[in-house]
Amino acid sequence: MAIQGGAMRSIYALGAVRAMVDLGLPEQVGAVYSSSAGCVAGSVLAGQAGAERPPAVEELVDIFLDELSGGRFIDHRRWRKVVDVDLLVSVIRSRTGISVDALKSRGLRFEVAATDARTGAAEYFDLGHCASDAELFEVLRATMAIPLLYHRKVPIRTGAYIDGGISDPLPVLRCLAQQPTAVIAVSTVGVGVLGRPRVGREARMVQAAPGLSRPVRGLMLAANPLARSAEDLLLIGRCGNVPIHAVTPSDPDILTSRVETRREPLMRAEQLGYADAMASLAGISFDTGAPQGASG
């Protein structure tokens with residue numbers, strides 16, 4: 001499974017995970033690849049796969065909505081920390097039950113993309129192979145460290161990292177490199193938007209932002225090649241013999257802005273993710289990637 005972030009738009013991916021639970025799919029997922037705030041939905045899914053008593057997804061959705069709506073998580077008056085990534089990491093830690101040992105015991109591979117703050121390259125961290133739970137949560141902090149909205153680069157081992165959505169917004173190619181039997185890809189933007197370069201006010205903010213390396217700044221202002229390739233594959237629906245089941249917003253206007261703080265629009269985005277995933281994934285057999293009862 002590959003999951004895109006997009007700050008508060010990633011609530012859509014939480015809805016998709018809730019649908020997967022209702023369809024009984026978490027046990028069939030052997031690996032999760034997420035970027036940026038997509039790690040929230042990934043962590044919830046990891047908590048469902050193989051756990052003896054997983055927390056109810058509906059309750060987790062309510063908790064995340066309660067914690068992240070309002071001005072506690074996003075506050076434009078905190079100019080160096082508009083988005084409180086530390087709060088979100090704390091909620092993931094306390095509510096999902098994700099840990100290095102839990103991932104190992106369930107045999108679930110969970111990779112998170114982060115962007116090298118110096119080179120702009122995508123690097124991937126397998127959370128089940130982190131040195132400790134402390135490092136695991138630093139990786140989650142790094143993949144969500146949005147430049148301009150969060151105040152620091154996150155040191156991990158010998159490097160420093162920022163938002164994984166800059167280098168690889170939807171890690172479909174990374175997922176395919178592991179030779180899966182099928183892929184579920186959850187995008188939090190409408191068709192044709194994934195990987196599109198920043199324009200207008202957002203582009204001017206990136207151009208003027210201090211502390212960005214030249215490669216990172218250039219990547220943020222250009223069409224992202226990994227994202228464009230991922231979107232092409234979503235439209236084709238397969239790569240070789242591997243089917244790709246895309247969950248994308250059927251009504252992108254319902255999705256929130258990346259810094260939405262109102263609970264009601266966030267809830268509508270989650271409900272859209274649920275409906276879209278049910279429409280895309282119901283009746284799929286992941287042994288063959290074909291609708292149940294189909295031949296070939």
Heavy-atom side-chain proximity of [X] to [Y] below 4.5 angstrom:
| X | Y | result |
| --- | --- | --- |
| V89 | M144 | yes |
| V32 | V112 | no |
| D75 | V82 | no |
| V139 | C130 | yes |
| L136 | L103 | yes |
| I284 | H245 | yes |
| E111 | L127 | no |
| L234 | T248 | yes |

Run the side-chain hydrogen bond (donor to acceptor under 3.5 Å, both in side chains) test against [X] and tell me which residues pass, sequence neighbours left out.
| X | value |
| --- | --- |
| S250 | D276 |
| Y33 | none |
| S167 | T115 |
| S36 | D163 |

Which atom pair, heavy atoms only, marks the closest approach of [X] to [Y]?
| X | Y | answer |
| --- | --- | --- |
| P171 | I3 | CD-O, 4.0 Å |
| F73 | V85 | CE1-N, 4.3 Å |
| P252 | G190 | CG-CA, 3.9 Å |
| I156 | A142 | CD1-CB, 3.7 Å |
| L194 | V189 | N-CG2, 3.7 Å |
| T143 | A113 | OG1-O, 2.5 Å |

Requested in this report: List the steps and the verdict of salt bridge (charged side-chain N to carboxylate O under 4.0 Å, His left out) for E260 and R262.
Outcome: CA-CA 6 Å; E260 179 62 73; R262 296 170 297 165; 2.8 Å; yes
Counting N and O atoms only, with roles assigned by atom type, does the side chain of [X] sit under 3.5 Å from a partner on the main chain of [Y], one being a donor and the other an acceptor?
| X | Y | result |
| --- | --- | --- |
| E231 | G192 | yes |
| K153 | R118 | no |
| S35 | G165 | yes |
| T188 | G6 | no |
| R9 | S257 | no |
| S10 | A13 | no |

Are any of the side-chain nitrogens in [X] or [Y] under 4.0 Å away from the carboxylate oxygens of its partner?
| X | Y | value |
| --- | --- | --- |
| R109 | D126 | yes |
| R93 | D133 | no |
| R141 | D86 | yes |

Query raised in the report: Between Y12 and Q4, is a side-chain contact (heavy atoms from CB on, under 4.5 Å) present by the stated rule, with each step listed?
Result: CA-CA 10 Å; Y12 175 88; Q4 185 182 0; over 6 Å; no
Query raised in the report: Does L233 share a hydrophobic cluster with V193, counting links as ILVMFWY side-chain heavy atoms below 4.5 Å and allowing steps through other members?
Result: yes
Requested in this report: Take E135 and R157 through the test side-chain contact (heavy atoms from CB on, under 4.5 Å) and record every step on the way to the result.
Outcome: CA-CA 9 Å; E135 184 177 80; R157 301 171 192 171; 2.9 Å; yes
From [X] atom [atom1] to [Y] atom [atom2], the distance as rounded to the nearest 0.5 Å:
| X | Y | atom1 | atom2 | answer |
| --- | --- | --- | --- | --- |
| D168 | L173 | CG | CG | 7.0 Å |
| L281 | M20 | CG | CE | 6.5 Å |
| F110 | K104 | CZ | NZ | 16.0 Å |
| E27 | L108 | CD | CG | 9.5 Å |
| D84 | L149 | CG | CG | 12.0 Å |
| I11 | R268 | CD1 | CZ | 13.0 Å |

Requested in this report: Name all pairs fulfilling the ring pair (Phe, Tyr, Trp, His ring centres under 6.0 Å) condition that reach into residues 180-216, sequence neighbours left out, sorted by first residue then second.
Outcome: none
Report task. Could you list all the ring pair (Phe, Tyr, Trp, His ring centres under 6.0 Å) pairs where at least one residue sits in residues 117-169, not counting sequence neighbours? Result -> F125-Y161
Query raised in the report: Got a sec, which pairs hit side chain to side chain donor-acceptor pair (under 3.5 Å) with one end in residues 201-221, sequence neighbours left out?
Result: R198-E202, E202-R258
Query raised in the report: Restricting to pairs with a member in residues 219-230, which pass side chain to side chain donor-acceptor pair (under 3.5 Å), not counting sequence neighbours?
Result: none
Report task. For the pair Y274 and L14, evaluate side-chain contact (heavy atoms from CB on, under 4.5 Å) and give the outcome as yes or no after the intermediate values. Result -> CA-CA 8 Å; Y274 180 90; L14 263 182; over 6 Å; no
Query - Residues forming a side-chain contact (heavy atoms from CB on, under 4.5 Å) with A56, sequence neighbours excluded - result: E58, E59
Query raised in the report: With S69, which residues qualify under side-chain contact (heavy atoms from CB on, under 4.5 Å), at least two apart?
Result: R263, L266
**Report entry** Other ILVMFWY residues reachable from M205 by side-chain steps of under 4.5 Å
**Finding:** L148, I162, I166, V206, L212, V216, L219, M220, L221
Please list, one pair per line, the donor and acceptor atoms closer than 3.5 Å that link side chains of residues 94-101 to other protein atoms, with sequence neighbours excluded.
{"residue": "S94", "atom": "OG", "partner": "S90", "partner atom": "O", "Å": "3.1"}
{"residue": "S94", "atom": "OG", "partner": "V91", "partner atom": "O", "Å": "3.3"}
{"residue": "T96", "atom": "OG1", "partner": "I92", "partner atom": "O", "Å": "2.7"}
{"residue": "T96", "atom": "OG1", "partner": "I98", "partner atom": "N", "Å": "3.3"}
{"residue": "S99", "atom": "OG", "partner": "A102", "partner atom": "N", "Å": "3.0"}

Query raised in the report: If you draw a 6.0 Å radius around CZ in R78, do more than 12 non-hydrogen atoms from other residues or ligands fall strictly inside?
Result: yes
